[in-house]
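Let me begin by presenting the structure, written as structure tokens, before commenting on it.
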Amino acid sequence: MKQQIEELILQAVETLKAEGILDLEITPHITIERTRDAQHGDFASNLALMLAKPAKANPRQLAIKIIAALPQHETIMKVELAGPGFINFFINPSSQYQIIKQIHAEGREFGLSNIGAGKKVQVEFVSANPTGPLHVGHGRGAAYGSVVADLLKAVGFDVHREYYVNDAGRQMDILATSIWLRYLEECGELVHFPSNGYRGDYVREIAWDIHKSANNEYRRPIGLVLENLPADEPQGGDKEAHIDALIDRTKTLLGPSLYRDFFQSGLNNILDDIKVDLKEFGVDYQQWFSERLLMDNGSVGKALERLSVGGHLYEQDGATWFASSKLGDEKDRVVVRENGQFTYFASDIAYHMNKLDRGFDQIINIWGADHHGYIPRVRAAIQALGADESKLKVLLVQFAVLYRGDERVQMSTRSGEFVTLRQLRNEVGKDAARFFYVMRRSEQHMDFDLKLATSKSNENPVFYVQYAYARVCSVLRQLDEKGWERNLILGMESLAKLTEEHEILLLGTLARYPEVLERAALQYEPHQLVHYLRDLAHEFHTYYNAHQFLVEDASIRDARLNLVCAVKQVLANGLGLLNINAPEAM
RNA sequence: GCCCCGAUAGCUCAGCAGGAUAGAGCGGUCCCCUCCUAAGGGACAGGCCGGUGGUUCAAAUCCGCCUCGGGGCGCCA
């Protein structure tokens with residue numbers, strides 16, 4: 001519809017050019033938008049306003065000429081000049097009814113497009129360290145990332161979803177050590193738990209499990225563990241030095257092989273839990289990409305080699321630095337520490353090299369807003385690797401600040417005081433949680449009131465949309481109970497009987513759906529789809545209250561049912577994209 | 001100090017590839033079930049779109065400056 005009007009306008013412009021009214025040099029960017037006010041018709045163009053200056057003409061005069069030059073078309077009922085020079089298009093109602101036939105014909109496919117066809121996109125999201133269960137902050141990234149991925153797929157991109165598992169590095173050593181200390185407690189040793197260790201209950205649970213299956217295999221006397229350790233912070237020492245020494249001691253006492261076993265069982269335990277958690281939250285991945293794999297298979301070395309060949313590395317103070325400041329970063333970054341270990345950034349460079357080598361046309365990283373300072377160095381790395389940095393798109397998700405009523409909930413993984421994603425799901429359910437997370441713009445700080453989200457009252461907006469769907473289902477059940485049968489063909493033939501204001505309004509909203517999907521996908525903004533679904537549900541509820549669908553006159557009845565079933569289909573398609581259930585009854 | 005995000009109704013937020021009287025939900029006041037689920041609908045009240053300059057025929061939307069919030073600036077991950 002929109003495209004048709006665009007073509008008509010384009011033809012008009014050509015005509016005016018041929019007549020010498022418009023300069024041949026002018027190639028206008030034609031913008032057509034749906035009107036907000038029905039008085040302004042269905043579509044409006046500001047073309048005359050845009051061209052007024054280059055054409056050196058009065059916008060209203062110009063609009064009149066454009067209108068005169070517009071070819072006739074069956075879908076256009078009338079064209080009006082309005083305001084300062086807007087051209088308003090009124091669509092012929094008979095062509096508006098087509099949307100119902102289209103939705104019925106396309107079903108689940110309705111709204112999908114192929115504007116992304118042939119483009120491979122990788123979406124990396126969540127990628128939380130496997131040092132504990134996912135909390136509600138990760139939930140937002142999970143919901144947002146999965147819907148962005150689904151939207152891109154819906155408009156034709158070849159989407160690859162990935163979780164980068166930080167299974168190497170110091171944090172993991174701290175975790176392994178924390179589990180081991182809890183394990184020793186379970187064995188009966190009297191342990192002073194380090195202030196910098198992971199204190200969550202899940203650490204104890206993992207320790208119990210290991211003790212159950214391995215008994216005292218990993219037990220060492222606590223005296224040996226604590227011997228000559230630097231003091232912890234509460235004792236006036238440095239907590240970092242303390243925990244590092246504790247890690248070293250753990251490795252020494254267990255030996256490489258046993259330490260690795262222990263480490264691995266902690267990792268597996270938590271990663272499996274994360275996988276199940278996300279699966280239950282409706283989030284699937286094509287790949288779980290291991291950082292340790294990059295370390296072990298030499299990819300990090302290769303990536304640094306590539307940077308080195310390009311002259312991007314230098315040695316200073318015993319460390320190896322990446323000269324990222326020459327490529328837009330604010331300072332250079334260490335990639336190999338003085339102690340010979342790679343930094344986290346080094347493996348991230350390798351990971352991005354790997355992404356590039358896999359031939360994605362676009363790489364989308366969805367990060368927490370706290371990582372924003374990290375973007376310039378990754379861009380620098382991509383350039384240094386010889387790739388086009390515009391392939392990288394970083395989408396930042398602002399934090400969800402948790403409230404319980406008026407009280408702000410403090411969160412800290414270390415202290416173990418946090419609300420897990422699983423707790424949230426258990427309290428509100430998958431549907432409400434997902435809906436809440438994506439109903440706000442991702443760059444927007446979000447106040448997530450657990451009290452509100454956990455309330456099963458009608459304040460919860462997800463019910464509103466689901467209820468519209470359930471109502472249609474209910475209508476169809478009622479039809480059956482009344483002994484009527486729906487005649488699809490008769491309904492389609494009688495669409496012209498849908499002349500009520502509410503009905504015309506719904507036709508327009510239904511027709512908007514593909515545009516909403518396209519826009520939401522290309523702008524990575526799932527909330528646009530959420531708002532659309534709310535609008536659609538609202539218009540349906542209003543219609544429902546204003547008119548009876550199951551009327552005696554079969555032709556009107558079937559026409560209305562076809563309209564209402566089109567609404568049902570679009571609600572199902574939209575909710576499906578959000579991975580939110582569409583219940584037959586509530 | 002530098003960087004990112006934000007500031008719109010009492011509250012939570014849409015609207016921001018500039019457009020015609022700024023929207024929704026919740027909360028407030030009132031109204032609508034002998035009728036397909038009232039988890040619904042309708043009406044009213046509620047706004048100097050943080051402030052201030054600028055660009056434009058047109059600015060909540062774009063640009064500059066300022067104020068106030070949140071976050072980030074490690075040989076941590």
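The base of B:G19 sits within donor-acceptor range of the side chain of A:Asn46, with an N or O pair under 3.5 Å. For B:G40, its base sits under 3.5 Å from the side chain of A:Asn545 at one donor and acceptor pair at least.
Base contact: A:Asp317 has a heavy atom under 4.0 Å from a base atom. Residue contacts for A:Met446: at a heavy-atom cut-off of 4.0 Å it reaches the sugar-phosphate backbone alone, with no base atom in range. Nucleic acid contact class of A:Gln341 (heavy atoms, under 4.0 Å, all strands): none. Backbone-only contact: A:Glu330 has heavy atoms under 4.0 Å from sugar-phosphate atoms and none from a base. Heavy atoms of A:Ala546 sit nowhere under 4.0 angstrom from any nucleic acid atom. Residue-level contact check: A:Arg560 touches neither bases nor backbone, having no heavy atom under 4.0 Å from any strand. In this structure, A:Arg36 reaches the sugar-phosphate backbone alone: every heavy-atom distance under 4.0 Å involves primed, P, OP1 or OP2 atoms, never a base. Residue A:Ala468 is out of contact with every strand shown, counting any heavy-atom pair closer than 4.0 Å. A:Ala470 comes within 4.0 angstrom of a nucleotide base, judged by non-hydrogen atoms across all strands. In this structure, A:Glu443 reaches the sugar-phosphate backbone alone: every heavy-atom distance under 4.0 Å involves primed, P, OP1 or OP2 atoms, never a base. Residue A:His502 is classed as having no contact, given no heavy-atom separation below 4.0 Å to the nucleic acid.
The residue from A:Leu313, A:Asp332, A:Val336 that alone fulfils the side chain to side chain contact (heavy atoms under 4.5 Å, CB included) condition with A:Trp321 is A:Asp332.
With respect to A:Arg519 and A:Glu525, no salt bridge is recorded, no charged nitrogen being found less than 4.0 Å from a carboxylate O.
Distances from the side chain of A:Gln171 to the nucleotides B:A20, B:C76, B:G42 place B:C76 closest. Of the candidates B:A38, B:G40, B:G19, B:G40 carries the atom nearest the A:Tyr464 side chain, counting heavy atoms from C-beta on. Closest to the A:Tyr467 side chain, of the nucleotides B:C75, B:G25, B:G40, is B:G40. The A:Arg519 side chain lies nearest to B:C16 when the options are B:C16, B:G42, B:G15.
Applying the 4.0 Å criterion to OP1 and OP2 of B:A77, one finds that A:Arg337 has a side-chain N or O inside that range. Using a 4.0 Å cut-off, some side-chain N or O of A:Arg471 falls inside it from OP1 or OP2 of B:A38. Within the structure, every side-chain polar atom (N or O) of A:Thr131 is placed at least 4.0 Å from both OP1 and OP2 of B:A77.
Aromatic ring pairs are classed by plane angle as parallel below 30°, tilted from 30° to 60° and perpendicular above 60°; the pair A:His527 and A:His531 is perpendicular.
A cation-pi contact links A:Arg471 to A:Tyr544, judged by a cut-off of 6.0 Å to the six-membered ring centre and 45° from its axis.
Sequence order on RNA chain B of the closest nucleotides to A:His531 and A:Ala537 puts A:His531 first from the 5' end. Map A:Ile87 and A:Gln523 each onto its nearest nucleotide of RNA chain B; the residue landing nearer the 5' end is A:Gln523.
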